[in-house]
There are 4 protein chains.
Amino acid sequence: MNGRKSEARMQVKQEVILARAIEAFAEDGFRDADVQVIAEKAGVGYGTVYRYFRTKEELFWSATYMVLERLGAHVRESISQCRGAIEALRAAGLAYAGFFEANPECLAVFVESRAEFHGRIPASHREFHEKMVQLFVEILERGVAGGEIRPLDPRSTVTSLGCVLYGAVMFGCYVEDQCRLSELAEQALGMLLGGIRVGPSTGEAASRPL
Amino acid sequence: MNGRKSEARMQVKQEVILARAIEAFAEDGFRDADVQVIAEKAGVGYGTVYRYFRTKEELFWSATYMVLERLGAHVRESISQCRGAIEALRAAGLAYAGFFEANPECLAVFVESRAEFHGRIPASHREFHEKMVQLFVEILERGVAGGEIRPLDPRSTVTSLGCVLYGAVMFGCYVEDQCRLSELAEQALGMLLGGIRVGPSTGEAASRPL
Amino acid sequence: MNGRKSEARMQVKQEVILARAIEAFAEDGFRDADVQVIAEKAGVGYGTVYRYFRTKEELFWSATYMVLERLGAHVRESISQCRGAIEALRAAGLAYAGFFEANPECLAVFVESRAEFHGRIPASHREFHEKMVQLFVEILERGVAGGEIRPLDPRSTVTSLGCVLYGAVMFGCYVEDQCRLSELAEQALGMLLGGIRVGPSTGEAASRPL
Amino acid sequence: MNGRKSEARMQVKQEVILARAIEAFAEDGFRDADVQVIAEKAGVGYGTVYRYFRTKEELFWSATYMVLERLGAHVRESISQCRGAIEALRAAGLAYAGFFEANPECLAVFVESRAEFHGRIPASHREFHEKMVQLFVEILERGVAGGEIRPLDPRSTVTSLGCVLYGAVMFGCYVEDQCRLSELAEQALGMLLGGIRVGPSTGEAASRPL
DNA sequence: AATGAATGAGCATTCATTCAT
DNA sequence: TATGAATGAATGCTCATTCAT
C-alpha cells in the first residue's frame, strides 16, 4: 500500500512539474527556460526534477507531449456527440483551434516544439500525428460512405485539412489583433469544406459561418 | 573612390555573414548557433561580426529578414508572367512552397523565427507580411473585377490562403517522406481554390492538379 | 543539525572567498582581477563564487566592506584600554595606520575602493564612515568634558583628524621608502594634536613622539 | 616652415586628446574609459590617438601628468604674491584644494591614478612630487630663517602638510554635502598650522579661519 | 600623417547536471 | 527518495591594438 501511495504521489508530482514546465517553456522558450525556476514553481527541490526527467530535453519533449495529449483529448471529446461527418470535421477543427486559443501557453510550446524538431520528430509525436490523421480519415471515410462527402482520397484530404488547421494555429500571430484563432480556423476551414462538400458549392456556402 | 570600394566590400562582407548565419541558425537554431562559428565560416574575425550586427539577436533577425526578402522576390517574380488571377494565385502559392523546398535552410530559419516571436513580431517582419497580403489582395481584387473569382472579402480570403500556404510549409515535416512541399501546397491550395472559384465547384475541379 | 552544518560551512566558504578576493583585488585592481583566479585560490569551483556573490561588483564591495570591518575592529580594540581622550585618539590613529601597515593588501583594496566610488559611496561604506566619526566624536566629547581637550566643534575636528589619517594612509606611497605608515601617521597626528591640546602648545610637544 | 606648422598642429592635437582623455578617465575610470570615445570627442580618427600615445596606459599617465602640471602651475601661481611663509603655506594649501574643487574631473583622475599606482609610481609623478615637496620645503625654510616658523625638520613637516592636503582632497567625498573641498582643507590646515606656528598656540588660533 | 575597418584575446556570467547528505 | 550546494563548460560581447589604404 505504501508503494501505491508513493506511486500516486509521484504521478501527481510529475504532472505538476510538467504543468509548470509548459508554462516556463511557453514563456521563455526551451533554451531560455530555467530548470531551477520550474522546480521552484512546482514546489519541489531542484534535483527532484532530475529524478523524474533525465535531462532538460526529456522534460521538454514530455511537456510537449502532454500538450498533445490534452489537445487530442479535447478534439476527440468535441466529436463524440457529432452525427454527421461534416459536422464532426467542423467540430474537430474548431476544437483544435479553440484549444490553443484557450491555452496560449500550449500554443507557445507547440510552436517551440516545431522549431526544435530540427528534422527529427520524436517517435511519440509522430505517433500522435498518425493517430490524429487516422481519426480524421475515419470521419472522412464515414462521410464518404454515407454519401455526405465526395469520394476524395482520404489521406491527402486529411493532409490538406491538417495544413489548414496547423496553418491557422501557426499563422494566427499575424492576425491576432483582427480575429480570434477559432474564427480564423473557422473561416479557413469553411472555405476548404466548401470545396469538398457534395453538391453545388455556392459562394455563400463557402463564406457563411460553419 | 576609396570610400566606394570600402562600402562595396563591407556590403559584400555583410551579405556573406548573413548567408552563413542563415546556415548556422538553420542547423542549430538561434540559441545553439555559435557566433564564433559563423565568423569562421564567413571568413572574418570574431569581432567583425559585431561590427556589422550589434548583437546576436540583431544578426538573427537580419538573417530571417534576408530569408523573407528572398522569398518575396521569388514569389513576385513567379507572378510577373501570369495573366489570370487564379493562375497568379497558383503560381504564387507554388513559388512560396517551392522556395522553401529549394532552400531548406531558409525553411528552418523561417520556423525558428516563428518560435522566437514569443508574442513580439519585429516591425520589419510585420511589414513584409503586410506587403505579401497586399500583393495577394490585389490579385484577388483583379480576379473579382475580371469575373474570375467570386466576390469574397479579399482580406479574409487572403488570410485563409495564408493559413493554407503557411500551414503547408510548417506542416510539411510530417509528410516529407510522402510528398514534396510543393505537392503538399498544390494539393491544399487546389482544394481551397476549388471552393472559391466561380461556377459549379465539382469534386473533379477541387482535386485535379492545378 | 544538517542545516547548521551546511550553514557553518557556507559561512566559512564565503569568508575564504572574500579573503582571496581581497588579495586578488589588491594585486590587480578591481577590473583586472579575475574571478576565475579568485575561485581557484579559494579552492572552490568557478560558479560557486557566483552562488555567494551575484556579481563581481558585489564581490568587490563585500571584500572592501570586510576590510572596513577588520579595520573598525582593530581600531575599536586599540582604544578599549585607554583612559584619557588624547591617549585614545593617539591609539586610534596609530591603530588605523598600523592596520594598513600590517595588511598592505587591505590598503590596496581601500585605495581601490576610493577610486571605484565614482561619486557613489555604497550605503554600507557610508554607514561605516559614520560609525567611525561617531566613535571619534565621543572620544573628543569625553576629552572636552574632562578638560583634557579644548572645546572645539567635535564634528569638524573629527573631520580634520580624518583628513590627516586618511591622508597619511593614502599619501604613504610617496614616502614608504623613508618611513613606515605608522610613523607617518604618528608624526602628522602629533602635529595636529599639538594644536588642539589644552595648554601652551610648544614646538616640542608637537613634534615629540606620541 | 611646414615642419613647424605641422609640429604646432600636432602639439595642439595632442593637448586636445589629453583634455578629452582626462574627462573620459574621470567619468569612467581607466579600465572602463573607451579609447574610441576619446578619439571621437577629440575630433580625431581612432588610430590617430595611437600615433600620439603608444598605449592606453601611456595616454592615461600622460593625462594624469597633465593634471599634475595644471595643479602645479595653479599652486605656484598662488604663492607668487605672498610675502610671509605662513601666508604662502595657507595660499598654497587653498590653491591645492581649490584646484580640485574647481576641476572635479581632475580630482577623479587624481584619485584614479593613486589607485593605478599599484606600488609603481611613474618617474614623472615622483618627480612632480619631489618638486612640490621642494617648493614647500623652501617656503618653510624661509619661514624658519625669518623667524616666522619654529625650527622643525622641514621635510617631515612638509610630509605632514602633504598628508593633510592630500587627505582633505581624497577624504572630501565623505563630506561633500557638508562643506566644500577648500573649506575642508582650510579647516584641517588651520589646525595643523596652529600647532606649528611660533608663539603660544591658543585654541582660538587653531580654529579661527586662515 | 591620418584614418577606421579588422582582429581576437579576454572575461563575466549562466545553467544543466551531479552527488553528498 | 528528496534535496540544493557545487561545479565548470560554454558563450556573448568588449575593446585595445594593428595595419592596409
Is the D:Phe100 ring parallel, tilted or perpendicular to the D:Phe110 ring (thresholds 30°, 60°)?
tilted

Could you note down all residue pairs passing salt bridge (charged side-chain N to carboxylate O under 4.0 Å, His left out) where residues 39-48 of chain A supplies at least one of them, sequence neighbours left out?
none

Measure across D:Ser113 and D:Thr64 and return the closest heavy-atom pair with its distance rounded to 0.1 Å.
CB-CG2, 3.6 Å

Counting any heavy atom closer than 4.0 Å, what does C:Tyr52 reach on the DNA or RNA strands: base, sugar-phosphate only, or nothing?
sugar-phosphate

Is C:Ala33 touching bases, backbone alone, or none of the nucleic acid, heavy atoms closer than 4.0 Å?
sugar-phosphate

Taking A:Lys56 for its side chain and A:Phe30 for its backbone only, find out whether a donor-acceptor pair lies under 3.5 Å.
yes

May I ask you to verify if any side-chain N or O of A:Tyr46 is less than 4.0 angstrom from the OP1 or OP2 atom of F:dA2?
no

With a cut-off of less than 4.0 Å, is there a side-chain N or O of D:Lys13 near OP1 or OP2 of E:dA1?
no

Pair A:Phe128 and A:Tyr65, ring centroids less than 6.0 Å apart:
no

Kindly determine whether B:Arg31 and B:Glu116 satisfy salt bridge (charged side-chain N to carboxylate O under 4.0 Å, His left out), including the steps that lead there.
CA-CA 10 Å; B:Arg31 306 293 156 174; B:Glu116 291 293 333; 2.6 Å; yes

B:Val44 vs C:Arg54, nearer the 5' end of DNA chain E by closest nucleotide
B:Val44

Whenever both distances are under 3.5 Å in a Watson-Crick or G-U wobble pair, mark it; put DNA chain F into dot-bracket that way, with [ ] for crossing pairs and | when the partner is on another strand.
.||||||||||||||||||||

